[in-house]
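Notes for the one structure printed next.
What you see is a predicted model; the values in this text were computed from it and never measured.
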Amino acid sequence: MAALFTGKVLLANRERDELDTERELQRALDNKVLLLFFGSARCPRCRRFAPLLRDFFLRLTDQFYVERAAQLGLVYVSRDDTEEQQSRFLRTMPKRWLALPFGDDFNRELALRFAVSELPAVVVLKPNGDVIAANAVDEIRGAGPACFRNWQEAAELVDRNFLLAEDQEGWSRRSLTDPLRRIKYKEMKQDEEEEDDEAA
């Protein structure tokens, strides 16, 4: 999915960080179902739908609700009139949402590519960029987080319940017997200390 945004900049953490390298985009987007949320703070329907989408996203990705975050990403494709409008809107949404910079021509290109004709619109994409749902607004309203399971099956996601090589940096490798060896080591250490005390 990162290929769709190659050469582009995505804003993260409520516009504080820029993701522009291929590696950053891959970490943020690859092997995920991606939602492209076309919306605007000035649109009344978008303002009513945004809290539902926010809750939908949090229930699938926040550790308060789920043990392991779903393989789900979201990019806000702004149709706002001003940069301040976009920033104010994003401050009310989850930090994990990504966004295109205000005024980026790629916003219009995405709207044309996915034939977005009304707001709000949520285009659901497979990791390879194929469309799962052209506009999932009604599906999200009706089924809530349950619809993600259908998207996950359609996307044929590879389960990432394992560490990637780059995620293992700084992690010590331990065997299954490591806890037992630690206990045995502590007991041996205590025995040695007791013998030293008796000898003294």
Side-chain angles (χ1 to χ4, degrees), residues 1-22 24-30 32-65 69-126 129 131-145 147-148 151:
M1 183 50 62
L4 180 63
F5 294 95
T6 300
K8 307 296 177 192
V9 174
L10 287 177
L11 304 173
N13 295 321
R14 298 183 182 150
E15 301 187 307
R16 293 195 181 123
D17 301 323
E18 288 187 357
L19 308 180
D20 55 3
T21 68
E22 188 176 336
E24 289 171 331
L25 291 171
Q26 282 180 338
R27 285 185 77 110
L29 301 173
D30 274 2
K32 291 183 180 179
V33 169
L34 182 66
L35 307 181
L36 298 179
F37 174 40
F38 295 83
S40 169
R42 73 180 188 286
C43 163
R45 290 190 313 271
C46 296
R47 287 196 304 270
R48 286 192 298 272
F49 177 69
L52 289 173
L53 185 59
R54 178 183 185 276
D55 186 56
F56 172 88
F57 187 82
L58 287 174
R59 288 187 176 275
L60 289 166
T61 60
D62 194 303
Q63 290 181 343
F64 181 79
Y65 298 103
Q71 291 166 269
L72 179 68
L74 187 144
V75 175
Y76 177 57
V77 184
S78 169
R79 304 300 292 269
D80 293 310
D81 292 329
T82 66
E83 190 170 1
E84 175 56 32
Q85 228 177 31
Q86 177 177 323
S87 294
R88 194 168 47 242
F89 173 75
L90 286 172
R91 282 194 296 269
T92 65
M93 294 299 133
K95 283 186 176 185
R96 289 186 183 184
W97 278 23
L98 302 173
L100 284 163
F102 178 79
D104 192 323
D105 290 336
F106 196 52
N107 285 338
R108 188 173 289 111
E109 189 179 318
L110 286 173
L112 290 171
R113 178 183 285 190
F114 296 108
V116 174
S117 58
E118 63 180 9
L119 297 180
V122 177
V123 178
V124 183
L125 301 174
K126 292 181 180 182
V131 176
I132 296 173
N135 192 351
V137 169
D138 290 336
E139 194 176 352
I140 291 168
R141 278 191 184 123
C147 61
F148 177 74
W151 301 343

Would L125 and V33 count as a side chain to side chain contact (heavy atoms under 4.5 Å, CB included) if you check the C-alpha gap in whole Å, the side-chain angles of each, and the deciding distance to 0.1 Å? CA-CA 6 Å; L125 301 174; V33 169; over 6 Å; no
Would L29 and L19 satisfy side chain to side chain contact (heavy atoms under 4.5 Å, CB included), going step by step from the backbone distance to the final call? CA-CA 11 Å; L29 301 173; L19 308 180; over 6 Å; no
From CA spacing to verdict: side chain to side chain contact (heavy atoms under 4.5 Å, CB included), L53, L74: CA-CA 10 Å; L53 185 59; L74 187 144; 3.9 Å; yes
Yes or no on side chain to side chain contact (heavy atoms under 4.5 Å, CB included) for F5 and L98, after CA distance, side-chain angles and deciding distance? CA-CA 12 Å; F5 294 95; L98 302 173; over 6 Å; no
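In this structure, the separation between CG on D30 and CD on Q71 is 11.0 Å, given to the nearest 0.5 Å. Here the SG atom belonging to C43 is positioned 11.0 Å from the CZ atom belonging to F49, to the nearest 0.5 angstrom. Atom SG in C147 sits 8.0 Å away from atom CG in L60 (nearest 0.5 Å). A distance of 10.5 Å separates CG of L58 from CZ of F64, quoted to the nearest 0.5 Å. From R96, atom CZ reaches atom CG of N13 across 10.0 Å, with rounding to the nearest 0.5 Å. To the nearest 0.5 Å, atoms CG (L11) and CD (E18) are separated by 6.0 Å.
R54 places a side-chain N or O within donor-acceptor distance of the main-chain N or O of T92, the cut-off being under 3.5 Å. For R79 (side chain) and P120 (main-chain N/O), no donor-acceptor pair under 3.5 Å exists by modelled atom type. The backbone N or O of L119 lies less than 3.5 Å from a partner atom in the side chain of R45, making a donor-acceptor pair. With hydrogens and angles ignored, the 3.5 Å screen pairs a side-chain donor or acceptor of Q86 with a backbone N or O of L100.
At most 12 heavy atoms of other shown residues, nucleotides or ligands fall within 6.0 angstrom of atom CD in E22. Enclosure of atom CZ in R108 is not indicated, since only 12 or fewer non-hydrogen atoms of other residues, nucleotides or ligands lie within 6.0 angstrom.
A69 and T61 get closest at one heavy-atom pair: CB-O, 3.5 Å. Shown here for P101 and N107, the closest heavy-atom pair between the two residues is O-ND2, 3.9 Å. L4 and F106 get closest at one heavy-atom pair: O-CZ, 3.3 Å. Nearest approach of R42 to Q85, heavy atoms of both residues: CB-NE2, 4.0 Å. In terms of heavy atoms, C46 sits closest to G39 at SG-CA, 3.8 Å. When all heavy atoms of L90 and A99 are compared, the closest pair comes out as CD1-CB, 3.7 Å.
F56 pairs with exactly one of F37, W97, W151 by the ring-ring contact (aromatic ring centres under 6.0 Å, His included) rule, that one being W151. For the side chain to side chain contact (heavy atoms under 4.5 Å, CB included) test with F57, the passing option among D62, L72, I140 is L72; the others fail.
Ionic pairing of D104 and K8 is not present here: no N-O contact between side-chain nitrogen and carboxylate oxygen is shorter than 4.0 angstrom. The pair E84-R91 meets the salt-bridge criterion, with a side-chain N (NZ, NE, NH1 or NH2) lying under 4.0 Å from an Asp/Glu carboxylate O.
Below 30°, between 30° and 60°, or above 60°: for Y76 and F89 the angle between ring planes is between 30° and 60°, a tilted geometry.
Side chains of F38 and N135 form no contact here, defined as non-hydrogen atoms less than 4.5 Å apart.
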